[in-house]
Amino acid sequence: MEINERNIKIWSTIGTRATFGMAALELAKKYDDLIVLTCDVSTSAGLDRFRKTYPEKYLDLGIA
């Protein structure tokens, strides 16, 4: 999957949080230096798939 007009239309139907997670996955394929930082929101931000696919690029800082 790539970021294009068709995918943007599809992502707009699944909601912003799921879209964020899917877009992060696509961007990680393109940009080796991409790292995602979260504060204990992987599930609510749609980042579970990203966390499982790229554990070395995912940092959960916890709730402060």
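Atoms CD1 and CG, on I63 and D40 in that order, are 4.5 Å from each other to the nearest 0.5 Å.
Nearest heavy atom pair, residue C39 against residue G62, reads CB-O, 3.4 Å.
Between V41 and T43, every side-chain heavy-atom pair lies at or beyond the 4.5 Å cut-off.
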Atom pairs and distances, donor-acceptor, side-chain atoms in residues 49-57, under 3.5 Å, two or more places apart:
from, atom 1, to, atom 2, distance (Å)
R51, NH2, D48, OD1, 3.1
T53, OG1, R49, O, 2.8
K57, NZ, D32, O, 3.2

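Using a 4.5 Å cut-off between side-chain heavy atoms of Ile, Leu, Val, Met, Phe, Trp and Tyr, with links allowed through other members, L27 and L47 fall into the same hydrophobic cluster. The hydrophobic clustering, which links ILVMFWY residues whose side-chain heavy atoms are closer than 4.5 Å, places L61 and V36 apart. Note on L25 and L34: same hydrophobic cluster, where clusters join Ile, Leu, Val, Met, Phe, Trp and Tyr whose side-chain heavy atoms are under 4.5 Å apart, directly or indirectly.
Judged as a side chain to side chain donor-acceptor pair (under 3.5 Å), and not counting sequence neighbours, the contacts of Y58 are T38.
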